[in-house]
Trainee: 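Before I ask anything, let me first share the structure, which is written out below as structure tokens.
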Amino acid sequence: MTTPDERNELRYAEYVLGVLDADARAEVAREIQTLPEAATAVALWEQRLAPLTGSIREVPPPPYLWARIREALQLDIQARSRPTPSIWDSLRLWRWVGVGAIAVAAALALVVSVPGLIHPAAPVGEAAGYMASTIQQDNGATGWTATMDLKNARMIVVPGTPVALEAGRAPELWLIPQGGKPISVGMIERDKPTTLALDRAMLARLGPTAALAVSVEPLGGSPTGQPTGAVIARGAITGAPESTGPHTASVIAGRTDRPTA
Amino acid sequence: MTATASERDELNGLLVRTGRGDQASFAELYRRAAPKLYGVCLRMARDRGDADEVLQETFITVWHRAATFDPGKASAMTWLTTLARNKGIDRLRQHREETLGDPDHLNTLVDEDPTPAAGAEASQEYGRLARCLEALEPQQKRSVREAFFSGATYKELAARLDVPLGTMKSWIRRGLLQLRACLDS
């Protein structure tokens, strides 16, 4: 049988372990505030059990989280990490600007002109509301195709040739404004389409002077807010042909249903 | 790994200075501690969006409450971990109905073997705790670990492992008392 002291000791241990339901949990939380012995017992259990987190794998949080925290607290501190002197400085990214544009336009023109490929329910209107980018791997294969839907502030990224990555790594998409540092757009899938939200700052930077690139990062995204791994694909951004804008998105998104050319 | 004690002191210092409103220390604290805490959040949360919010709430609270941190009572990492876990558990309780019977959570029941601590910060304490855990019976060990990492209630744990509620309670309670005896000896 357990004594009342033991019962309480167990309740405090259970509180720290996290197995109590909401009511029992709230009760212990109150005791911590009012009873010094409760506060002491709970603190001791925290010290005993906290080391269990030693077995939990570290996962770098996505870069936008720090931005959100900073914004919520209205801190004026800028960077949490030193800028990574990386391939981004040495790579002549601008070489690719303009190269992909022609390919995209050609592909779109072809696709749009083939009857039956266009979604019949595709909305018409708002010309020039879309931009596109073919994000090519170094071997010339299309890694991903990105369509930017400006009106709805989102980007749909569809994989082309699947890219093999080592375990625990994932592709992260970056927007590189002309002369600026890469901005993380988000993590993208290797085998299915990803839809990413575009914030106002990003929308303002989209255009023919900007480029997209994909780097290999830990699963949670780059730990520094800047690319840390190898760049595996890049692409220029181009405005989609005006009249085909809305079609473009549906056609590209629909490509997942059939084998890529 | 490098000197555990100095890493621990550095983290304590960063948290203390954060309590004085030093933004650079807060930023550095985030850089060093967030990956571990995000791992804790991900293990507990239902999805990434949930984990994001728990980590965000955690660090917002860190900024506001860091002044109450007393390095004489606990290490910064224990303080931070406790804060993150409490946020995560509170959030799980808010969504209790949704998580009950969530088939996705069954996947997390695999009793993964502890991987070596990624950071050296808690490695010594971890080694001690790991040895004491090893001394428990398999079901006790598994239940205590699963409870700690998932933040699930007795009821949820019993349902997941398909044992009566009383059995789950007794595994965990006996496990906890044995752990205390082992750790305090």
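Residue numbering restarts at 1 for every chain, and letters A, B, ... go by the order of the sequence lines. Every heavy atom of this structure was used, including side-chain atoms; hydrogens, water molecules and symmetry mates were not.
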Trainee: Could you check if a side-chain atom of B:P35 sits within less than 4.5 angstrom of a side-chain atom of A:V59, using non-hydrogen atoms only?
Mentor: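 No, every pair of side-chain atoms sits at 4.5 Å or beyond.
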Trainee: Taking all non-hydrogen atoms of both residues, which atom of A:A50 and which atom of B:T78 are closest, and how far apart?
Mentor: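 Residues A:A50 and B:T78, closest heavy atoms: CB-CG2, 3.7 Å.
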Trainee: Residues two or more places apart in sequence or in another chain: which of them pass ring pair (Phe, Tyr, Trp, His ring centres under 6.0 Å) with B:F148?
Mentor: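 For B:F148, no residue satisfies ring pair (Phe, Tyr, Trp, His ring centres under 6.0 Å) once neighbours in sequence are set aside.
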Trainee: Would you call A:E46-B:R85 a salt bridge at under 4.0 Å N-O?
Mentor: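 The answer is no: the pair does not qualify as a salt bridge.
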Trainee: When rounded to the nearest 0.5 angstrom, what is the spacing between CZ in A:R70 and CD in B:Q56?
Mentor: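 Nearest 0.5 Å value for the CZ-CD distance: 12.5 Å.
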Trainee: Considering non-hydrogen atoms only, spot the tightest contact between A:T53 and B:T81 and give its length.
Mentor: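 Looks like CG2-CG2, 3.2 Å.
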Trainee: Could you look at B:L42 and say if it's the side chain, the backbone, both or neither that has a heavy atom under 4.5 Å from chain A?
Mentor: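 Contact with chain A is through the side chain of B:L42 alone.
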Trainee: Using non-hydrogen atoms and a 4.5 Å limit, figure out which bit of B:K73 sits close to chain A: side chain, backbone, both or neither.
Mentor: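 Backbone only.
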Trainee: Show the nearest heavy-atom pair for residues B:A34 and A:P61, with the distance to one decimal.
Mentor: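 B:A34 and A:P61 have their closest heavy atoms at CB-CG, 3.8 Å.
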Trainee: Identify whether the distance between the nearest side-chain nitrogen and carboxylate oxygen of B:R180 and A:E9 falls below 4.0 Å.
Mentor: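 Yes, B:R180 and A:E9 are salt-bridged.
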Trainee: Roughly how far, to the nearest 0.5 Å, is CG of B:L176 from CZ of A:R48?
Mentor: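 The distance works out to 9.5 Å.
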Trainee: If you count the non-hydrogen atoms of other residues, nucleotides and ligands that lie under 6.0 Å from CZ in A:R169, is the total more than 12?
Mentor: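 Counting other residues, nucleotides and ligands, CZ of A:R169 exceeds 12 neighbours.
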Trainee: A:L20 vs B:I89, test: side chain to side chain contact (heavy atoms under 4.5 Å, CB included). Steps then yes/no.
Mentor: CA-CA 10 Å; A:L20 299 180; B:I89 293 167; over 6 Å; no
Trainee: Rounded to the nearest 0.5 Å, what's the gap from CG on A:L10 to CZ on B:R173? Could you check?
Mentor: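 It comes to 6.0 Å.
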Trainee: Quick check on A:A13 against chain B: is it the side chain, the backbone, both or neither that has a heavy atom closer than 4.5 Å?
Mentor: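 When you check distances to chain B, atoms from both the backbone and side chain of A:A13 fall under 4.5 Å.
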Trainee: Cut-off 3.5 Å, side chains only: do B:Y154 and A:E14 have a donor facing an acceptor?
Mentor: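 A donor-acceptor contact under 3.5 Å links the two side chains.
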Trainee: How close do B:V144 and A:L17 get, counting heavy atoms only, and between which atoms?
Mentor: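 What the structure gives for the nearest pair is O-CD1, 3.6 Å.
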Trainee: If you look at every heavy atom in B:G39 and A:I56, which pair is closest and at what distance?
Mentor: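 In terms of heavy atoms, the two residues are closest at C-CG2, 3.5 Å.
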Trainee: Counting only non-hydrogen atoms closer than 4.5 Å, does B:N86 touch chain A with its backbone (N, CA, C, O), its side chain (CB onward), both, or neither?
Mentor: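 Interface part for B:N86: both.
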Trainee: Under 4.5 Å from any heavy atom of chain A, what part of B:A147 do you find: side chain, backbone, both or neither?
Mentor: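 Its backbone and side chain both get close to chain A.
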Trainee: Can you find a heavy atom in the side chain of B:R145 that is under 4.5 Å from one in the side chain of A:L52?
Mentor: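 They are in side-chain contact.
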Trainee: Could you tell me which portion of A:L73 (side chain, backbone, both or neither) has an atom closer than 4.5 angstrom to a non-hydrogen atom of chain B?
Mentor: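 The side chain, not the backbone.
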Trainee: Can you measure from CD (A:Q47) to CG (B:L129) and round to the nearest 0.5 angstrom?
Mentor: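 That separation rounds to 12.5 Å.
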Trainee: Given heavy-atom pairs under 4.5 angstrom as the criterion, report whether the side chain, backbone, both or neither of B:I172 touches chain A.
Mentor: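 Looking at B:I172, just its side chain touches chain A.
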Trainee: Of the non-hydrogen atoms in A:L65 and B:Y30, which two are nearest, and what is the gap between them?
Mentor: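 For A:L65 and B:Y30, the tightest heavy-atom pair comes out as CB-OH, 3.6 Å.
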Trainee: Using the ring pair (Phe, Tyr, Trp, His ring centres under 6.0 Å) rule, pick out the option among B:F26, B:Y38, B:F59 that qualifies with A:W66.
Mentor: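 In the set B:F26, B:Y38, B:F59, the residue that makes a ring pair (Phe, Tyr, Trp, His ring centres under 6.0 Å) with A:W66 is B:F26.
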Trainee: Heavy-atom pairs under 4.5 Å with chain A are the metric here; pick the option from B:D52, B:T82, B:L37 that has the most.
Mentor: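 It is B:D52.
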Trainee: With side chain to side chain contact (heavy atoms under 4.5 Å, CB included) as the criterion, how do A:R25 and B:D90 come out once you've worked through the C-alpha distance, each side chain's angles and the decisive distance to 0.1 Å?
Mentor: CA-CA 9 Å; A:R25 203 173 153 73; B:D90 288 343; 3.0 Å; yes
